[in-house]
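First the structure, in the form of structure tokens, and then the observations on it.
In what follows, every chain begins at residue 1, and chains take the letters A, B, ... in the order their sequences are listed.
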Protein chains: 2
Amino acid sequence: MFMISFTEENYLKALLRISFDSGETGVGTNELASHLGVKPATANDMLKRLRDKALVDFEKYKKITLTREGKNIATEVIRKHRLWETFLYEKLEFSWDEVHDVAEQLEHIQSSKLIDKLEKFLDYPAFDPHGDPIPSKGGELTKQFRKTLLDIPVGQLCKMVAVKDNSSAFLQYVVKVGLGINNEIYVQSRQEYDALMVIEVNGVASSVSEKFAENIYVV
Amino acid sequence: MFMISFTEENYLKALLRISFDSGETGVGTNELASHLGVKPATANDMLKRLRDKALVDFEKYKKITLTREGKNIATEVIRKHRLWETFLYEKLEFSWDEVHDVAEQLEHIQSSKLIDKLEKFLDYPAFDPHGDPIPSKGGELTKQFRKTLLDIPVGQLCKMVAVKDNSSAFLQYVVKVGLGINNEIYVQSRQEYDALMVIEVNGVASSVSEKFAENIYVV
DNA sequence: TAATTAAGTTAGACTAATCTAACAATTTTA
DNA sequence: TAAAATTGTTAGATTAGTCTAACTTAATTA
């Protein structure tokens with residue numbers, strides 16, 4: 001098996017995440033490029049290299065899909081990412097919004113022994129600190145149907161189980177509203193015009209935007 | 001402060017290690033190149049870049065030294081390396097000879113918060129699993145005068161405190177002889193001709209070469 | 001359906017890190 | 001001290017990953 005670089009791993013991971021989030025198999029070049037913060041031309045070059053390595057499939061001007069091997073690698077990277085996040089949160093006392101950026105680096109450490117031992121040390125966790133499922137060794141990224149706060153009607157109570165956006169900026173905002181995993185949220189009202197919502201968490205009411213609401217997963 | 005790459009960090013670390021081990025301040029290009037497994041020309045190119053960044057000092061055809069800033073970065077990399085080794089050994093149950101290679105990757109993770117929290121989690125260890133001292137935050141690599149097994153006269157008892165060579169190959173050999181940190185060694189005999197020694201560890205006698213003996217630190 | 005806009009690709013260039021081969025300076029030694 | 005050996009440097013090339021600018025194809029819409 002040939003060497004796979006740090007950068008290639010990031011492309012594969014992005015492809016899996018995008019297709020997973022959108023629910024569609026194929027991913028576009030521009031979509032991928034903007035997700036990775038590179039220019040479409042750059043992504044196009046890399047995609048050709050990944051195709052040569054049989055990690056992605058696509059025809060000129062058509063959507064991109066991961067091959068089985070590409071998907072396996074991407075899943076493994078996500079597995080590592082989420083295990084490291086769990087380690088940082090549970091063992092090193094990192095806060096919820098700090099774990100992502102460091103895990104972005106740690107996920108690329110090459111040592112299957114390391115990740116297996118880490119998993120054991122953490123006692124085989126099923127979810128990371130953001131509520132996302134951790135794939136098992138050689139496993140799949142499980143598709144769980146999830147509602148967002150946007151789907152909850154006015155007057156209903158729900159419970160936050162995970163977040164979609166893992167950026168530090170968003171998570172700090174979530175903390176500021178008084179929210180965390182497993183907190184209950186009561187939907188007080190919603191504006192027709194711009195979907196601005198008033199929610200109540202632990203007795204404190206806050207206004208949140210549509211963009212905010214669609215990044216909060218609830219049950 | 002400008003960005004410092006993975007590779008640059010390795011060059012700085014190598015410069016510190018070589019000058020530390022040899023006891024001399026200046027390091028030669030060939031010496032550095034062979035330590036890193038690259039060609040002298042490659043090392044020379046990199047050294048010019050490091051000089052531009054004010055991390056090393058040297059004049060054409062002269063020995064290379066680290067600047068204060070270069071030394072600080074190198075020391076920090078070594079600090080990270082040794083803390084990660086301690087983590088792998090103590091928390092993840094890695095064996096003594098397995099920790100080095102993984103720590104070579106982990107030492108380049110950029111997050112001062114991570115390394116401070118890791119140090120706290122490990123309860124501020126002073127030595128890594130190979131017996132080498134862990135520099136404190138912002139500290140120096142302490143020069144400890146150390147004798148090797150080669151310095152012990154026939155008929156004398158000593159105690160192994162550390163190893164010089166951290167390669168997996170060497171460490172596996174050490175384990176095979178029945179040696180570990182803090183084990184007592186009795187020097188039974190030594191050949192004049194090639195310095196071949198017979199040592200006794202826990203009642204078991206073994207023959208070891210000069211090369212082996214000079215990589216074992218004792219008190 | 002033809003024109004416009006969006007999406008995707010190509011060509012050519014740049015930087016970092018590496019190499020080989022040739023050359024220059026320094027050190028050793030006969 | 002002159003020749004040989006060692007050590008260090010330069011020039012020119014290569015690869016991965018990125019860019020800009022120009023171009024092509026596909027999708028949308030008037």
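Of the charged side-chain nitrogens involved, none lies within less than 4.0 Å of a carboxylate oxygen, so that A:K117 and B:E93 do not count as a salt-bridged pair. Under the 4.0 Å criterion applied to side-chain N and carboxylate O atoms, B:E85 and B:R82 are not assigned as salt-bridge partners. Ionic pairing of B:R79 and B:E140 is not present here: no N-O contact between side-chain nitrogen and carboxylate oxygen is shorter than 4.0 angstrom.
With A:F58 as the aromatic partner, A:K48 does not meet the cation-pi criteria of under 6.0 angstrom to the ring centre and within 45 degrees of the ring axis.
Here the C1' atom of nucleotide C:dG12 and the CG atom of A:D45 are 11 Å apart, to the nearest Å. Distance, A:E31 CD to C:dA7 P: 9 Å, rounded to whole Å. Note: OH (B:Y11) to P (C:dA16) measures 14 Å, nearest angstrom. Atom CG of A:L47 and atom C1' of C:dT9 are 11 Å apart (whole Å). Taking atom CE of B:M3 as the reference point, atom C1' of C:dT15 lies 16 Å away to the nearest angstrom.
A donor-acceptor pair under 3.5 Å links the side-chain atoms of A:E31 to the main chain of A:G28, judged by distance alone. Between the side chain of B:E8 and the backbone N or O of B:S5 there is at least one donor-acceptor pair closer than 3.5 Å.
B:A43 comes within 4.0 angstrom of no nucleic acid atom, judged by non-hydrogen atoms across all strands. Among the atoms of the strands shown, none is found under 4.0 Å from any heavy atom of A:K62.
Residue A:P40 has its side chain nearest to C:dT9 when only C:dA7, C:dA17, C:dT9 are considered.
Both A:F6 and B:K63 lie near DNA chain D, and the one whose nearest nucleotide falls closer to the 5' end is B:K63.
Once you apply a 4.0 Å limit to the heavy atoms of chain B, the touched nucleotides of DNA chain D run 5' to 3' over D:dT7 to D:dT10.
The phosphate of C:dA16 has neither OP1 nor OP2 within less than 4.0 Å of any side-chain N or O from B:T7. The phosphate of C:dC23 has neither OP1 nor OP2 within less than 4.0 Å of any side-chain N or O from B:Y61. Put simply, A:K39 has no side-chain N or O that comes within less than 4.0 Å of OP1 or OP2 on C:dG8. Note on B:T42: every side-chain N or O is 4.0 Å or more away from OP1 and OP2 of C:dA17. Put simply, A:N44 has no side-chain N or O that comes within less than 4.0 Å of OP1 or OP2 on C:dG8.
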Any chance you could lay out the side-chain contact (heavy atoms from CB on, under 4.5 Å) test for B:N215 and B:F170, step after step, and finish with the verdict?
CA-CA 9 Å; B:N215 279 300; B:F170 176 68; 3.4 Å; yes
